[in-house]
Amino acid sequence: MLRFIVRRLLQLIPTLGGLSILLFVWLQRLPGGPEYALLPDDATAEQRAALRRSLGLDEPLAVQYLTFLRRIVQGDLGTSLQTSRPVLDEFFLRFPATFELAVTAMLIAVTLGLPLGYLAARKRGTVLDFAAVGGSLLGICTPVFFLAFILKVVFAENLGLFPSAFRLSPGLSRTDITGFVVLDGLMTREWDVVTDALAHLVLPGLALASIPLAVITRMTRASVLEVMGEDYVRTANAKGLHRTTVRTRHVLRNALLPVVTAVGLLAGSLFAGAVLTESVFAFPGIGSFVYAATQTRDYPVLTGFILLIATMYVFINLLVDISYSLLDPRVRAQ
Amino acid sequence: MSSSTPLLAVDELSVVFHRKGHGETRAVDGVSFSLEEGRVTGLVGESGCGKSVTSLALMGLLPERGVKVGGSAVMRLSDEGEDLVEADLLKVSQRRMRDLRGTQLAMIFQDPLSSLNPVVPIGVQVTEILKRHRGMRGAAARKEAADLLYRVGIPDPTRRLNEYPHQLSGGMRQRALIAMAVACKPRLMIADEPTTALDVTIQAQILELLKDLVTEEGTALLMITHDLGVVAGLCDDINVLYAGRAVETAERGPLFADPTHPYTVGLLGSIPRLDAPRGEPLTPVRGSVNDNIAWADGCAFAPRCDHYTMECLQGPPQLVRMADGESGSPGGAGHVHRCVNPISHADVVDRAVLESPAVAGDDEEERG
């Protein structure tokens with residue numbers, strides 16, 4: 001198991017290396033540059049060229065890349081062109097919010113999707129099944145920003161059930177330990193902070209959960225249907241086991257295997273989906289910052305953030321693979 | 001075992017599948033037979049004759065939707081005291097059936113790999129049945145599970161308890177499934193082609209094991225197979241099925257010595273023979289199981305039969321009991337066939353073959 005983990009971590013090096021080269025080439029290919037975003041419209045060509053030179057953007061791409069690599073080895077991802085603060089600081093300032101949002105969305109998707117998919121399979125062909133299948137189709141088709149907007153208008157602005165923006169209500173004092181509001185609140189027992197932060201997570205969490213929820217529901221349904229027809233389920237029934245034993249130990253345990261893989265893949269897409277959701281709910285995560293960085297061609301922020309998220313993604317999938325091998329002994333053996 | 005009622009009496013069992021847009025399929029069309037303790041009864045026939053569906057119907061394992069089961073299958077559940085407790089397996093509630101499965105009747109399936117849960121250790125798959133029906137827990141259950149595995153011939157059973165199905169060989173897997181089936185000493189065991197997925201040497205060992213269980217525990221075994229070698233070696237009574245109906249029923253001796261139904265004769269004639277001259281082609285039953293007509297119109301086998309006459313197509317043929325003198329062997333009284341033009345004294349299997357060790361199944365001494 002340890003060898004497996006080490007091998008997977010070593011795979012990070014070529015993955016991130018390749019990704020960083022792609023990012024360098026792609027980003028520089030984008031029309032425009034920071035000299036247009038950072039300088040006023042009436043700046044002269046000389047002023048723009050001077051800015052490019054001061055940022056080192058006039059050097060050949062290969063030289064820029066080597067400089068980037070030399071810095072990254074020292075743990076330096078560069079400085080944001082917008083804020084003039086280190087990219088790493090900017091990331092860790094915003095990442096906890098996005099992480100909380102992504103975890104909320106995944107929790108919603110899993111806790112609703114698994115039972116829904118399971119019930120749809122058990123009650124195949126009934127109204128419940130059609131509702132689950134149709135609903136998940138709708139969930140996959142609805143653009144996240146549109147759903148986020150609808151949720152905000154209906155539940156925040158019209159019904160006033162949940163706050164419509166930010167991570168916390170203004171004026172609420174909190175102790176910052178980790179940057180994760182809910183976690184901090186739990187640690188310091190500031191219950192008002194915890195409930196307020198959770199209330200702020202509900203609507204963006206639901207919006208972001210729509211696609212993973214739909215995928216998990218459908219995967220669970222298909223997987224349970226398949227497993228219910230397996231010979232070993234017949235054997236379990238032939239042994240006269242209780243219905244619940246058959247359903248949990250024999251059906252669910254096997255049906256969950258493909259769903260676990262899907263959860264890992266979906267976790268990565270959550271960070272991408274977060275950009276849209278965060279902008280609708282003015283949620284102070286990485287999403288809105290990355291969006292702004294794209295507008296201003298903030299190359300260090302774009303490169304750094306994308307590499308950090310890619311690293312996260314690799315770690316999440318490592319966790320998924322480890323849990324998978326715990327669930328399926330056939331994988332463990334190899 | 002002195003009781004006059006059989007352990008299981010299956011009477012006019014029928015299974016009809018309804019599928020939307022496909023009409024109905026009569027998979028089993030009025031099959032009757034009875035099982036006795038300590039005896040092996042064979043259900044023989046080619047694919048699609050209804051033998052597996054019969055076993056699933058008895059176990060109550062057919063899907064609930066789109067299936068209609070008719071007839072009765074009365075099982076004697078206990079003969080302690082004077083009171084006879086009986087239950088019709090086809091009519092008891094789902095809940096009651098779950099209590100009966102595993103304790104009164106158990107089943108062994110065809111493909112041992114797919115019949116075991118791949119992600120649950122063998123030990124759990126054996127102990128769960130002990131927990132369910134015998135209320136055993138923890139160490140006691142594990143010890144009993146190890147004993148069961150040992151009894152069915154799995155070496156080093158304590159280590160095997162922690163292993164998963166993919167770590168066992170095909171023969172070991174089938175032994176493990178047999179261990180689960182016999183865990184609560186059921187009085188009736190159904191084996192649905194238990195050796196089909198195994199190679200020949202393992203087949204012989206598994207059949208040996210089943211035979212021992214029948215003789216030692218007095219279990220009744222319903223053996224479902226298409227393999228006449230298995231039938232000859234193991235079964236005491238044989239029912240030959242065709243298109244959902246029994247076409248010939250007899251004890252082993254009379255059936256092999258004196259088959260009367262042309263289908264049985266065809267099956268026996270298609271067995272490869274070691275003593276046949278080199279290069280001589282096998283003689284299969286021509287056509288396929290799909291070339292049949294509805295039993296209501298006549299004999300379903302008629303389109304494939306070499307002996308059919310117009311008489312065969314005038315309504316369903318009835319089961320006919322053979323007169324004592326007609327059958328060549330003793331015990332011929334129970335010899336029944338469903339044919340209007342039976343074959344008499346077919347020369348398909350001579351006595352020498354029937355009594356050879358490979359067929360008669362007394363190869364225990366050789367393997368010793």
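Computed from a predicted structure; not experimentally measured. Proteins get letters first, then strands, A, B, ... in listed order; numbering begins at 1 in each.
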Heavy-atom proximity to chain B below 4.5 Å, by part of A:Leu257: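 Contact with chain B is through the side chain of A:Leu257 alone.
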
Heavy-atom contact with chain B under 4.5 Å, split by part of A:Val246: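 Contact with chain B involves the side chain of A:Val246 alone.
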
Given a strict heavy-atom distance threshold of 4.5 Å, which part of [X] is in contact with chain A: side chain, backbone, both, or neither?
X: B:Arg101; answer: both
X: B:Gln125; answer: both
X: B:Arg95; answer: neither
X: B:Leu56; answer: side chain
X: B:Leu177; answer: side chain
X: B:Leu116; answer: backbone

Which of B:Met107, B:Met59, B:Glu128 touches chain A most, by non-hydrogen pairs under 4.5 Å: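 The residue among B:Met107, B:Met59, B:Glu128 with the greatest pair count is B:Glu128.
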
Interatomic distance, B:Leu234 atom CG to B:Leu207 atom CG [nearest 0.5 angstrom]: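 CG of B:Leu207 is found 5.5 Å from CG of B:Leu234.
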
Distance in Å, B:Leu222 CG paired with B:Leu43 CG, rounded so as to fall on 0.5 Å steps: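 Answer rounded to 0.5 Å: 4.5 Å.
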
Test: [X] and [Y] ion pair at under 4.0 Å:
X: B:Asp147; Y: B:Lys143; answer: yes
X: B:Asp111; Y: B:Arg173; answer: no
X: B:Glu37; Y: B:Arg76; answer: yes

Best-contacting candidate, A:Leu241, A:Thr235, A:Thr245, A:Val227, against chain B by heavy atom pairs under 4.5 angstrom: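 Among A:Leu241, A:Thr235, A:Thr245, A:Val227, the one with the most close pairs to chain B is A:Leu241.
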
Heavy-atom closest pair, residues A:Ala274 and A:Leu208: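 Closest approach of A:Ala274 to A:Leu208, heavy atoms only: N-CD1, 3.6 Å.
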
Enclosure of B:Lys68 NZ (heavy-atom neighbours >12, cutoff 6.0 Å):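 No, the 6.0 Å shell around NZ holds no more than 12 heavy atoms from other groups.
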
